[in-house]
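To start, the structure itself, in structure tokens.
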Amino acid sequence: MTVLRTSMRNFFAHKGRMALSAVAVLLSVAFVCGTLVFTDTMNTTFDKLFAVTSADVTVGPRSDKDRPQSDTGRPVSLPASVLAKVRGVDGVKSAEGGVSSEKVTVVDAHNTNMGSDTGAPTIAGNWTHNDLRSMDITSGHAPKGPSQVMVDADTANKHHLKLGDTLRTVTATGDFKARISGIATFKVTNPGAAIVYFDTPTAQRELLGATGRFTHLDLVADAGVGDDRLKKDVSSALGSSFSVQTQKETADQNRKDVGSFLDVMKYAMLGFAGIAFLVGIFLILNTFSMLVAQRTRELGLMRAIGSSRGQVNRSVLVEAVLLGVFGSVLGVAGGVGLAVGLMKVMSSVGMELSTDDLTVRWTTPAAGLLLGTVVTVLAAYLPARRAGRVSPMAALRDSGIASDGRAGVVRGVLGAVLSGAGGAALYMAAGEDKAAQGSAWLGLGVVLSLIGFVVIGPLLAGAVVRVISAVVLRLFGPVGRMAERNALRNPRRTGATGAALMIGLALVACLSVVGSSMVASATEELDKSVGADFIVQSSTGQTIVAQAAKAVESAPGLAHVTHYLDVPTRITAPNGASENQTLVAADPTYAQDLRRKTTEGDLGAAYGKDAMSVDADYATRNHIKVGDRITVAFVGGSTARLKVAAITSDDTSVDQGARYLNISTVRQYLPADRMPQDMIMFAAAKDGQEKQAYAALKRALAPYPQYKVQNQTDFKQELKDQIGQLLNLVYALLALAIIVAVLGVVNTLALSVVERTREIGLMRAIGLSRRQLRRMIRLESVVIALFGALLGLGLGMGWGATAQKLLVLQGLHTLEIPWPTIITVFIGSAFVGLFAALIPAFRAGRMNVLGAIATE
């Protein structure tokens with residue numbers, strides 16, 4: 001109890017000095033808890049949606065996920081005769097056929113796409129009794145006949161739709177218009193999908209291309225008949241040709257499909273939270289180290305009156321526990337607020353999430369409290385050990401713990417070994433010819449080099465700070481020299497403070513190098529290999545419907561148009577090795593649109609009758625040479641024996657690993673109704689008509705807003721923008737770690753000012769002005785920030801350059817250092833240092849001179 005009382009007294013006596021450490025814990029815990037609450041809420045939203053939209057038992061076509069079907073633009077369906085069959089099964093109270101398709105685009109009278117910008121699908125289907133489980137018709141009535149459509153309320157509100165408005169639906173079978181007859185409102189939250197309903201005959205004809213077919217059957221069980229029993233009876237009646245799932249199984253399958261995306265998002269955000277925690281460790285370590293140093297005489301007195309080393313050690317650790325618990329409790333509350341904020345942001349961009357579904361599981365605050373407290377205690381462990389080693393004689397000395405020379409040597413040797421091992425691992429990564437092994441070496445190199453730089457940081461501080469000071473601080477005369485000496489006074493403190501900033505900036509530099517190299521490499525590859533003038537594709541990954549493809553073909557000023565589609569197959573090499581493979585079927589003009597190098601044979605010949613190409617890796621693995629025959633089983637069609645006419649090089653970033661054949665070859669072995677739609681189209685303009693052809697293509701595709709026409713300049717800019725947006729998102733997430741690092745600089749300076757109170761008073765007494773004093777502290781902060789930035793940017797560029805060597809395996813050969821970004825970040829670090837010093841410098845300048853001199 002004595003230790004606890006002492007710890008609590010010390011904690012509340014120095015609560016102001018621990019405030020920024022508590023903020024660091026708060027921010028880190030808030031990010032973790034906010035991520036967990038946000039993703040749990042999304043899971044709850046989807047769980048509720050899937051639970052109410054699933055029938056007791058659902059029957060659908062059996063699909064083999066290992067062998068995907070051709071993307072014809074029409075969903076896989078089953079005959080209506082199956083509906084009559086299941087209605088006769090014992091235990092079936094009612095059964096109805098459902099039609100549903102996500103391969104549609106719905107536009108309003110102004111040709112605006114009704115689809116979501118967040119990636120949520122547009123879903124078209126028939127209105128059934130099962131839909132009443134999840135929706136109420138709140139305006140108008142259900143669709144009747146081919147000229148009527150019903151839309152969900154969220155989409156109607158977002159696009160200002162009302163009864164009587166006309167919508168045009170684009171499907172694989174053609175375009176058709178219908179007027180809004182009703183608006184239906186979800187009983188649970190709709191996460192953002194745009195949904196339209198037609199009557200059953202219209203949905204069958206327009207979405208499936210044939211009446212008398214359904215995509216699924218919804219079965220309701222009789223009273224007293226369980227879903228599992230009904231599933232068993234229906235499966236017995238239908239055999240193994242169909243998929244039969246209970247309500248729980250259907251909901252679980254849908255949840256699994258969405259959950260994979262949510263898991264990626266959750267673990268990515270938790271990874272950034274982990275980085276913030278790592279940076280926070282340095283802040284807490286510095287705080288307790290400085291507090292222990294400032295309380296040396298106090299600790300010595302405690303030892304002199306009988307406190308054991310263990311008691312002193314535990315006293316400091318209890319303070320850390322109090323700090324961790326206090327910061328974590330606030331962090332848990334902040335995390336819930338952060339999750340609500342994220343939900344509002346997502347709703348503003350089209351992904352609706354209701355706070356009614358806000359989910360705070362007991363594991364979330366428990367994880368936040370445990371993580372925040374454990375990390376704080378671990379960070380305070382070394383200062384606590386040093387506190388325990390304070391001798392009773394320290395009560396007779398001035399504050400400050402003498403440095404351990406032997407520990408400095410051990411630190412230097414260990415840091416050099418770790419840094420060297422990290423450098424060796426990065427060297428091994430750069431020399432690997434397999435991506436998997438190279439990535440493992442890269443990860444090991446990043447971890448070891450980072451730890452090595454953190455350990456050796458205090459030793460590097462002396463040399464690096466002197467170099468920075470010679471360039472930056474000497475311009476400020478004596479004040480600059482005092483700032484330099486203050487930064488060098490405690491290299492361990494400077495090293496730890498700089499290391500916090502180093503981690504965030506190292507990741508920024510690494511990702512900047514990787515992103516710039518990817519853009520430069522892809523741009524260079526496009527310049528060398530892409531011969532097409534124009535590229536037509538969907539921004540959401542939809543296939544190109546036949547009517548849009550005809551519009552492209554009819555545009556004036558084009559020399560040729562190339563169709564490009566994916567064909568799922570099962571291929572068997574001459575040595576018997578068999579695998580599922582999606583082949584690329586294209587027109588022979590694709591050889592002009594994409595100039596691919598071959599290691600053997602002529603790519604043009606691969607577009608001949610019953611011919612194809614293979615990639616070099618596949619050819620090497622299966623000992624294939626030009627002239628060999630490969631057995632190709634077309635999914636949904638027949639089997640062919642195709643001659644290998646060319647082997648393409650894998651030294652490319654465009655279509656790497658692709659295997660080509662002519663579309664006319666595919667038509668010989670696939671029925672017309674199984675032919676896939678174009679994934680992308682290419683076109684070349686007639687000589688001298690590039691501008692006219694570009695404008696003509698845009699006009700031709702104007703009725704189809706789901707597609708975009710790009711020339712090579714547009715395509716390169718989009719690539720640059722996409723990578724830039726991804727990097728900006730990552731930078732925004734890394735900003736938390738950098739904010740915590742800035743708090744570390746503020747805290748270090750604030751505690752340093754307290755530590756040097758008497759010294760500051762003496763300097764003021766001998767003539768140092770308040771302005772000079774504030775400048776000295778600001779310059780000290782700038783030097784510490786630039787020290788961390790220099791180490792971080794240098795380390796990050798090394799990581800990025802190594803990562804680029806692995807990108808070479810994917811055909812991305814160009815290393816580009818984004819010097820404008822690097823220089824901007826470095827200069828920005830100086831301003832970060834200035835900002836961090838504002839409050840400590842202000843407080844130092846307002847000290848009473850006599851009071852400061854009298855401080856013990």
* Can you find a side-chain donor-acceptor pair between Q725 and D721 that sits under 3.5 Å? -> no

* Do you know the tightest heavy-atom contact between C33 and V332? -> SG-CG2, 3.9 Å

* Short side-chain to backbone donor-acceptor contact, T494 and A487, under 3.5 Å -> yes

* Give a yes or no on this: more than 12 heavy atoms of other residues, nucleotides or ligands lie within 6.0 Å of atom NZ of K716. => yes

* Between L806 and L442, which heavy-atom pair has the shortest distance, and what is it? -> CD1-CD2, 3.9 Å

* If you take all heavy atoms of A509 and I822, which pair is closest and at what distance? -> CB-CD1, 4.0 Å

* **Y731 and S512 side chains, donor-acceptor separation under 3.5 Å** => yes

* Structure fact -> One should read off an interatomic distance between K805 NZ and L426 CG, to the nearest 0.5 angstrom, of 13.0 Å

* If you measure only the distance, is there a donor-acceptor pair under 3.5 Å linking the side chains of T814 and E524? -> yes

* Asked: Is the CE atom of M518 crowded by more than 12 outside heavy atoms at less than 6.0 Å?
  -> no

* Structure fact -> Rounded to the nearest 0.5 Å, the CZ atom of F31 sits from the CE atom of M269 at a distance of 4.5 Å

* Asked: Which value, rounded to the nearest 0.5 Å, describes the distance between F835 atom CZ and R778 atom CZ?
  -> 14.0 Å

* Derivation of the side-chain contact (heavy atoms from CB on, under 4.5 Å) call for S829 and L505 -> CA-CA 9 Å; S829 300; L505 296 185; 3.5 Å; yes

* Quick one: closest heavy-atom pair of K266 and T35, and the distance? => O-CG2, 3.7 Å

* F476 CZ to E484 CD distance, which is reported to the nearest 0.5 Å -> 13.5 Å

* Distance-only side-chain donor-acceptor flag, S449 / W799, under 3.5 Å -> yes

* List the steps, then state whether side-chain contact (heavy atoms from CB on, under 4.5 Å) holds for L459 with I456. => CA-CA 5 Å; L459 300 181; I456 207 172; 4.2 Å; yes

* Below 4.5 Å, heavy atoms only, C-beta onward: do V321 and T376 meet side chain to side chain? -> no

* To do: Would you please test L786 and L790 for side-chain contact (heavy atoms from CB on, under 4.5 Å) and show each step?
  => CA-CA 6 Å; L786 290 179; L790 195 62; over 6 Å; no

* To do: Using atom types as modelled and distance alone, determine if a side-chain donor or acceptor of S328 lies under 3.5 Å from a backbone N or O of G331.
  => no

* Could you check if a side-chain atom of I503 sits within less than 4.5 angstrom of a side-chain atom of L450, using non-hydrogen atoms only? => yes

* Side chains of L473 and E780: closer than 4.5 Å at any heavy-atom pair? -> no

* Within the distance-only criterion (no hydrogens, no angle test), does the side chain of S517 pair as donor or acceptor with the backbone N or O of L815 below 3.5 angstrom? -> no

* Any donor and acceptor pair, going by atom type alone, linking the side chain of R775 with main-chain N or O of R771 inside 3.5 Å? -> no

* Between OG of S469 and CG of L488, what distance do you get to the nearest 0.5 Å? -> 6.0 Å

* Between CZ on residue R466 and CZ on residue R485, distance to nearest 0.5 Å -> 10.5 Å

* Decide yes or no on side-chain contact (heavy atoms from CB on, under 4.5 Å) for F831 and L834, but give the supporting numbers first. => CA-CA 5 Å; F831 287 97; L834 285 173; 4.2 Å; yes

* Non-hydrogen atoms of V454 and P458 that approach each other most closely -> O-CD, 3.8 Å

* To do: Return the minimal non-hydrogen interatomic distance between G327 and V25, and the atom names on each side.
  => C-CG1, 3.8 Å

* Side-chain contact test, heavy atoms from C-beta onward, threshold under 4.5 Å: evaluate it for V514 versus L807 and give yes or no. => yes

